[in-house]
Amino acid sequence: MIAKGFTEPTDRIKRLANVIVNAFPEVEAERAVLTTEAYKETEGLPNVMRRAKVAEKLFTQLPVTIRDDELIVGSLTVHPRSCQISPEYSYDWVEAEFDTMETRMADPFKIPKDVAAKLHEAFQYWPGKTVSDLATSYMSDETKECQANGVFTVGNYYYGGVGHVCVDYGKILNKGFRGVIAEVVEAMEKMDKMDPSYMKKQQFYNAVIITYTAAIKFAHRYADKAREMAMTSLNPVRKAELLKIAENCDRVPENGATNFYEACQSFWFVQLMLQIESSGHSISPGRFDTYMYPFLKNDTSISKEFAQELIDCIWVKLNDLNKTRDEISDQAFAGYAIFQNLGVGGQDEKGRDITNEISYMAMEACAHVRLPAPSFSIRVHENSPQEFLYRACELARLGLGVPAMYNDEVIIPALVNRGVKLEDARNYCIIGCVEPQCPHKTEGWHDAAFFNVAKVMEITMNNGRVGTKQLGPVTGEMCEWKSAEDFFTAFEKQMHYFVYHLVEADNAVDLAHMERDQLPFLSALVDDCIGRGKTVEEGGAIYNFTGPQAFGVVDVGDSVYAMQKHVFENKEITPAQLKEALDHNFGYPVDSCTQAEKRFESQHSCGCGGTTSAATDEQKVYEIVKKILTSSGSVDLAAVTDEVNRSMPASCTSGSCDSYMDIKRIMEKTEWYGNDIDAVDYVSARVARIYSAEVEKYTNPRGGQFQAGCYPVSANVLFGKDVAALPDGRLATTPLADGVSPRAGKDVSGPTAATNSVAKLDHEYFSNGTLYNQKFTPSAVAGDEGLQNFAAVVRSYFDHKGMHVQFNVIDRATLIDAQEHPEKHRDLVVRVAGYSAHFVTLAKEVQDNIIERTEHTFGCKSC
């Protein structure tokens, strides 16, 4: 038997995990109130000192909570799986959703009336003072117009903290917070008073000392709380546990850890405090097995079973952290995701495999806890043990969407190509969804923006227009094109224009964080901020990047190939005929549901719900959908269709609806990306390279380079609503392709053919990460034969230079039943994009998108 199975979790872990599953998240006000007080008290001080005083107040005054059964302690909120608000970044969207956040489509949160009142009072201080206010002031009107019309969004850091970092956990495990303070004191003693930046550096160093002194008090408050609870505990076992917790918190993270239990507690305090200081997400633990293993190896007193339970407790705590965003953003990040990516396996700085006991215990923890977090990853290279890959595939076929798998043979060269030293590149970890970086040396600004390549295609086909607005440059009418090269000539000019404004928006937000969001706690754990006397926001890290990611690349590639074949080569239709069909959404009513086409065809013989102006009607539909969502909190497909057909005029005037549908059928008689056909696949590769080549021309205010990514989170669903019909037959407002994955249902030649197509995209250029989702039926990967086939697909894909792959192993019937009967599937976890989530918490349209993904099996002729 190759498969080994997984052990059962302890009853404690089952109880702790069940609390997370059954919790309805709440918004709490303490952080917002304390932060506002700190800012009022520090008017006139340098920003870094104000941020230190914010951290000091938070670490010394936030409520201290120890939950039942916990062995690892420290919580951001009183209620489980709840969140705090960070008004220094943005606040008005919170107040606008006081009455609707609990019933909205994606990621609802309860806001009690008393909490809303406290937040309202705190928000009075913030008009004109937030990071987002300053960022907006830096942006040109043209850049704002690009965002308003769905070309890109930088909302991630525009309205919240940056995060997206892996700090030096090992430094704290070995030296403790006292070690950081000592390092800062030493740096201060070496300062040159003749240095013109002396005063600025001194402020930074003082801020670090204030912050870390308060952080030590934070841990001691938990020690006091544990002792207090132990005094009143009637359960002798729990009493002993609480006294041990107190002992741990007295020692760490103030000092270095002396055993594995202390190392686990110290790790968690660092992770928690990073979240308290800033609202940034994707604060990723990185290579957990490398910095934790020495403490397990040297701890001769701990049993394997108790060490596993401690790791399981950390896994639960990672799910206790949460974050809310505005209603629209939460559709892009659906599933309460905060993207804490934790990885195992891979190489050390010298290229030697580092797989160890904790690498396997981390997989066991995922199987035990069965919760969405962490975003668990493995690194694979040619010398990775085959047992390690089999074990990873065995975990994946449990259907939890983990682990995501990453290819050292592509990622290391990609990072070296960006100027990262080979030794640092070999030590890479994964941040957030799929973003590789050198841990604790990088401020990568990953996930800096969503760039809608499909929207740029739509604009190109309209000669730079969105509706009647001339948004992009004039590059020629579609009816004048004579070949696919004419499209590419126009498309590249549009991409040049829109990427420029993307960069402007990102750099505006970057500057705003540099001026208003300097973070001393984070910065002291990133090399070489202490050595340079700078925060990460000012360029203190060794490596500085900005990574905006594209989506819609595959939709454009398939669309161009369809035009090339049917319009320019076979001449079955003219560019003008195709353009008219696109303007009328191929004769279909506009509907953002993935089932729109099937439902409409079953109900109508002629779909005369087209539009006279695709962009104008698209906006009408979007507003209709938003209206229905606002009133009901869910998508009622019948209500959407009825409202669309009632509100929008029929307009099959210059041609028949049947003819538009015929054009759609012609365009769909095409070979698609995802079937290992070079002629098709290399068109998508060309589209991807156009984006990455534009992006990498630019630099950021921290002195680093822009680098491209190609992944959507779940924005392919949300921002698909902003895109009209495309030549590949996709209808207006429906989801776009998922990352670099083939379009749903188009990869029909088997899993290996699909991976071969994806591998042709020149992933080396996308050093900010690419995302590939693949879906198997459980029966396909069952038994030892299924496990061997599963591992073989991964090896083959990586041999062909694919960068990343992750799997859903679940059948369509289960997903549909979960959608119809969510109460029976509350604990069902699926892979959404670069993260997993409870399926029943996702917006229905995101659920639909996951259901529609191709289900692969083995045994087809192309496998």
Side-chain angles (χ1 to χ4, degrees), residues 1-18 20-21 288-289 292-293 296 302-316 318-319 342-345 353 355-380 384-405 751 774-795 805-811 814 825-831 836 838-839 855-858:
M1 288 286 291
I2 297 174
K4 295 184 176 181
F6 296 93
T7 61
E8 279 292 307
T10 64
D11 289 341
R12 179 198 309 273
I13 297 303
K14 291 178 181 178
R15 291 192 299 268
L16 288 170
N18 195 50
I20 299 297
V21 171
F288 187 78
D289 53 350
M292 292 297 292
Y293 181 62
L296 179 64
I302 194 169
S303 70
K304 173 72 177 291
E305 292 75 19
F306 186 59
Q308 182 67 60
E309 189 171 42
L310 290 175
I311 293 176
D312 293 354
C313 284
I314 288 175
W315 258 235
V316 175
L318 289 166
N319 286 274
L342 185 153
V344 299
D353 182 74
T355 306
N356 58 51
E357 189 175 1
I358 288 183
S359 309
Y360 295 98
M361 292 173 75
M363 296 188 198
E364 197 82 24
C366 292
H368 285 174
V369 174
R370 293 177 177 257
L371 292 172
S375 295
F376 181 62
S377 304
I378 67 165
R379 284 179 46 178
V380 179
S384 293
Q386 189 66 8
E387 180 187 356
F388 178 68
L389 183 56
Y390 279 146
R391 195 66 169 157
C393 291
E394 193 175 356
L395 175 61
R397 72 182 185 181
L398 292 181
L400 302 172
V402 294
M405 305 181 189
Q774 195 169 69
K775 185 175 168 185
F776 282 107
T777 61
S779 60
V781 294
D784 278 358
E785 182 180 359
L787 195 59
Q788 290 174 313
N789 287 337
F790 200 166
V793 167
V794 176
R795 286 288 191 188
V805 64
Q806 58 201 19
F807 302 93
N808 269 314
V809 180
I810 193 166
D811 60 82
T814 299
H825 300 272
R826 289 178 59 82
D827 59 350
L828 176 61
V829 176
V830 296
R831 194 73 179 189
S836 293
H838 284 113
F839 183 76
E855 290 184 345
H856 285 290
T857 59
F858 294 104

Nearest non-hydrogen partners of A307 and L296, listed with the distance: CB-CD1, 3.8 Å

With D312 via side chain to side chain donor-acceptor pair (under 3.5 Å) - residues at least two apart: Q308, H368

Quiz item: cation-pi between R379 and F388, 6.0 Å / 45°: no

Nearest heavy-atom neighbours spanning I810 and K775: O-CE, 4.0 Å

Donor-acceptor pair, side chain of S836 and main chain of L400, under 3.5 angstrom: yes

Nearest non-hydrogen partners of V794 and C393, listed with the distance: CG2-SG, 4.5 Å

Candidate pair F790 and F858, rule ring pair (Phe, Tyr, Trp, His ring centres under 6.0 Å), full reasoning: CA-CA 9 Å; F790 200 166; F858 294 104; 7.7 Å; no

Pair R370-V829, side-chain contact (heavy atoms from CB on, under 4.5 Å): steps then yes or no: CA-CA 7 Å; R370 293 177 177 257; V829 176; 5.7 Å; no

Residue pair V316, N319: steps toward the side-chain contact (heavy atoms from CB on, under 4.5 Å) verdict: CA-CA 5 Å; V316 175; N319 286 274; 5.6 Å; no

Check: R831 side chain, Q774 main-chain N or O, donor-acceptor pair, under 3.5 Å: no

Rounded distance [0.5 Å steps], OG in S377 versus CZ in F288: 13.5 Å

Spacing of CD1 belonging to I314 relative to CG belonging to L342, to within rounding of 0.5 Å: 8.5 Å

Minimum heavy-atom distance T355-G345, with the two atoms named: OG1-CA, 4.2 Å

Q806 side chain reached by F376 side chain, heavy atoms, under 4.5 Å: no

Closest non-hydrogen atom pair between F6 and M363, with its separation: CE2-O, 4.1 Å

Side chain proximity check, F776 to R397, heavy atoms < 4.5 angstrom: no

OG1 on T777 to CG on N808, rounded to 0.5 Å: 12.5 Å

Note, P778 side chain near D811 side chain (heavy atom, < 4.5 Å): yes

Under the salt bridge (charged side-chain N to carboxylate O under 4.0 Å, His left out) test, residues paired with E8 that sit two or more places apart: K14

Any donor-acceptor pair under 3.5 Å from D784 side chain to I2 backbone: yes

By side chain to side chain donor-acceptor pair (under 3.5 Å) - contacts of Q386 (at least two apart): R795

Residues Y390, K4; criterion side-chain contact (heavy atoms from CB on, under 4.5 Å); working and verdict: CA-CA 9 Å; Y390 279 146; K4 295 184 176 181; over 6 Å; no

pair F839-H825: side-chain heavy atoms closer than 4.5 Å: no

Donor-acceptor pair, side chain of E394 and main chain of G5, under 3.5 angstrom: yes

Euclidean distance, L16 CG relative to I20 CD1, rounded to 0.5 Å: 8.0 Å

Sub-4.5 Å side-chain heavy-atom contact between C313 and I13: yes

Shortest non-hydrogen contact between L318 and P374, atoms and distance: CD1-CB, 3.7 Å

side-chain contact (heavy atoms from CB on, under 4.5 Å) between E357 and M292, worked out: CA-CA 10 Å; E357 189 175 1; M292 292 297 292; over 6 Å; no

Heavy-atom side-chain proximity of V793 to V805 below 4.5 angstrom: no

Heavy-atom check, side chain of M405 versus side chain of L389, under 4.5 Å: yes

Main-chain N/O of I358 paired to D289 side chain as donor or acceptor, under 3.5 Å: no

